[in-house]
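Below is one structure, written out as structure tokens, with a few remarks after it.
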Amino acid sequence: MAKLKIAGIWVGVLEVELEEWTVPMLREEVAKRSDCGTVSINLIWAGKVLKDGDGTEKLTHLGVKNNAKILASRGCAEEGRSLEGELMAEEERSRRLNRVKAAATVMAKRHADGSLPVEDFNIEVEDQSGKIVQLGSETDQRAVMMGLMLHANAKQLLRRENYKDALEVLTMGEEAFSLCNPKVIELIDNVPILQIDMVWCYFMLRDITRLSVAGARLEKARVGIERAHGKDSSRVRLLQAGRHPELAIHLRLELLEGVVAYHSGQFDKSRNALTSAQAKYFQLQVPDEALSLVMSMGFKERDAKRALRMSNQDVGSAIDFLVEEKAKRVLKMEEDIRRRSDIMEQKKYGMTPSKKAVDLKILNELVSLGFEKELAAEALRRNENELQKALDDLTNPEANSAIQVDIESRKRKRQRKASEAAIEQLVRMGFDRSRAVSALQAGGSMEEAMNLLLSQPEFAANNNSESEPNPGISADNSANSSIPMLSDASISIDGVEGASTSIEVEDRDVEMEHELAGELAKGDALTDYDIEVAKEGEAVTEYLALLESAGK
């Protein structure tokens, strides 16, 4: 006999047989003891509503154990459904956040260690000038990539004013950045900005309980911002040709410092921070005349506002900025096309034994020395991209010959598989197998074979007679010769068979990965600084008024 501790509309202990009792039986017993109708009682255990189901499922099967605490509440059927709906929504929210973290983790792993990309793009870390950078070790690079992906996702949630979820994702991003060597990320401002965004979520959620935590985060953020931007933002000015992209970040930082100081009773400090924030807010207001002038040059309103804010309202500098940004986008598009082409080429060569892509830079070095490209690629693949070992194989007549034999063998296998695939496709379309083989022999291509089968009676006839298949084209329909198909576990790579010819993609959440990649693609080097400051302006005015009314 087990005991259940009941609280709510009736308080006490019930002795029950967990193997025998069902939810309806428990509800009926609680209703009897509390003088309530059975329908009006909700039973909540471990944060979820106990459902009747089909009325036969036992409490033990639901996970209820001895000494479990169950809350019994009175409510109408609609209230019960509302509570259940809230719980389901919370579960869905938790699942989505877990998906975000898992997708960011696996994408960072794939794109940080030189593995052959599953996608037709590659995620790389760039500095503000758009130059690709390698930050520390592979582990450091992975941590930074994961942190950046999670921060980008959180920014989307912030724009949709979903501060609760944004805070969860920012916390994940903070954990990711913490895995990186602190020395590696000291000169980048991503981590300080993430800290500011976290405190902004506290503020928008009006979570006064995190006041001390908010203060500590803002102190770290200020130190990190100054280290990354230089004294009085001198480093940013140098990198951005004298522009002021960081003003909005400093406005938000000073506002939050003022709010924390106000609630901590440090009124002079609060007023100083809020007054400085207000000055920056006024500095970021775009004059109508300047906006109209920039837009008359053919630029969109949002882009024109952004350029003017980052150029301290200087029209000439703003126009130069927009022209530069347009040129950068064109170069980025060209680079993306080139990179996709490189990835397709890498997939053709397959993976090294440790599942890395063939290094195209080293490959081009070998080609420049006079080696045939496919031969050089195979030598690099076999030798984990080690130039000297690949050279040794290429200059050794015996090893070179063995590589060429393997390449030719794989080509024949690919041709045979392509023929088998074409035959299977024609058979599935209803054509006789032997005639499909003959048509492919006569026509060559799939299209030509189809024309023969449809236009000539001797090919179009469909009967059970079997002609002798051509020795060069397999007509075998056994499972062993079926077309290779995509599976949940891996993606086959055409071009290399034998050692390491698939990319591990276990538990891949394609939808969430595409969402994260899309968020990264929308951003640029200045996205972190591109903040609409209307809410910040309202908050500054509100807290200055509070100080004024309190006579502080």
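Only heavy atoms go into these numbers, but all of them, side chains included; no hydrogens, no water, no symmetry mates.
The backbone N or O of L375 lies less than 3.5 Å from a partner atom in the side chain of E372, making a donor-acceptor pair. The main-chain N or O of K183 is found under 3.5 Å from a side-chain atom of N181 such that the two form a donor-acceptor pair. Checked by atom type and distance alone, the side chain of D189 never pairs as donor or acceptor with a backbone atom of I225 at under 3.5 Å. A donor-acceptor pair under 3.5 Å is formed between the side chain of T171 and the backbone N or O of L167. S341 places no side-chain N or O within 3.5 Å of a backbone atom of I337 that could act as its donor or acceptor partner. Here the side chain of N385 pairs a donor or acceptor atom with the backbone of D359 at under 3.5 angstrom. Judged by distance alone, with hydrogens and angles left aside, the side-chain atoms of S438 form a donor-acceptor pair with the main-chain N or O of S434 at under 3.5 Å.
Residues M149 and A104 come closest through the heavy atom pair CE-O, 3.5 Å. Shown here for V294 and A304, the closest heavy-atom pair between the two residues is CG1-CB, 3.6 Å. In terms of heavy atoms, D165 sits closest to L97 at O-CD2, 4.1 Å. When all heavy atoms of A307 and L322 are compared, the pair lying nearest together is CB-CG, 3.6 Å. Of all the heavy atoms in V144 and C180, the pair that sits closest is CG2-SG, 3.8 Å. Minimum interatomic distance between L380 and T352 (heavy atoms only, all atoms of both residues): O-CG2, 4.4 Å.
Using a 4.0 Å cut-off between charged nitrogen and carboxylate oxygen, E301 and K305 count as a salt-bridge pair. Under the 4.0 Å criterion applied to side-chain N and carboxylate O atoms, E219 and R222 are not assigned as salt-bridge partners. Note on R329 versus E324: no salt bridge recorded, every NZ/NE/NH1/NH2 to OD/OE distance being 4.0 Å or above.
Scored by the side chain to side chain donor-acceptor pair (under 3.5 Å) test, R252 finds D197, E536 as partners (sequence neighbours excluded). With sequence neighbours left out, E519 forms a side chain to side chain donor-acceptor pair (under 3.5 Å) with N153.
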Take K164 and E168 through the test salt bridge (charged side-chain N to carboxylate O under 4.0 Å, His left out) and record every step on the way to the result. CA-CA 7 Å; K164 184 179 179 182; E168 292 279 359; over 6 Å; no
Go through D336 and K332 one step at a time and tell me if the salt bridge (charged side-chain N to carboxylate O under 4.0 Å, His left out) criterion holds. CA-CA 6 Å; D336 287 345; K332 184 70 166 60; 3.1 Å; yes
Let me see the working for R433 and E424 under salt bridge (charged side-chain N to carboxylate O under 4.0 Å, His left out), right down to the final yes or no. CA-CA 8 Å; R433 178 177 298 278; E424 295 303 324; 3.2 Å; yes
task = Could you walk me through whether D530 and T527 pass the side chain to side chain donor-acceptor pair (under 3.5 Å) test, one step at a time?
result = CA-CA 5 Å; D530 188 15; T527 297; over 6 Å; no
Q: Quick one: do D342 and Q346 satisfy side chain to side chain donor-acceptor pair (under 3.5 Å)? Show the steps, please.
A: CA-CA 6 Å; D342 287 348; Q346 286 177 311; over 6 Å; no
* To do: Go through the steps to decide whether E325 and K328 satisfy the test salt bridge (charged side-chain N to carboxylate O under 4.0 Å, His left out), and finish with yes or no.
  => CA-CA 5 Å; E325 289 298 294; K328 286 179 183 178; 3.6 Å; yes
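Side-chain contact between S178 and E174 is absent, with no heavy atoms from C-beta onward closer than 4.5 Å. Contact annotation: the side chain of L360 approaches that of L363 to within less than 4.5 Å [non-hydrogen atoms, C-beta and beyond]. Looking at N383 and D392, their side chains never come closer than 4.5 Å, going by heavy atoms from C-beta outward. Side-chain contact between V106 and E513 is present, with heavy atoms from C-beta onward closer than 4.5 Å. Proximity of E345 to K373: side-chain heavy atoms (C-beta onward) are separated by under 4.5 Å at one or more points. Side-chain contact between P192 and V223 is absent, with no heavy-atom pair separated by less than 4.5 Å. Residues E511 and R99 have side chains in contact (heavy-atom distance under 4.5 Å, counting atoms from C-beta outward). Looking only at side-chain heavy atoms (C-beta outward), Q156 and E515 stay at 4.5 Å or farther from each other.
Between E378 and Q404, the side chains place no donor N or O within less than 3.5 Å of an acceptor N or O (distance only, hydrogens not considered).
Under a cut-off of 6.0 angstrom, the local environment of CE in M297 is sparse, with at most 12 non-hydrogen atoms contributed by other residues, nucleotides or ligands. For R95, the CZ atom is densely surrounded, since the number of other residues' heavy atoms within 6.0 Å is greater than 12.
Between atom CG of residue L394 and atom NZ of residue K389 there is a gap of 14.5 Å, rounded to the nearest 0.5 Å. Distance check: F371 CZ to T395 OG1 gives 6.0 Å after rounding to the nearest 0.5 Å. I249 CD1 to I531 CD1: the interatomic distance, rounded to the nearest 0.5 Å, is 3.5 Å.
Checked against E374 for a salt bridge (Lys or Arg N to Asp or Glu O under 4.0 Å), the options K411, R381, R410 give a single hit: K411.
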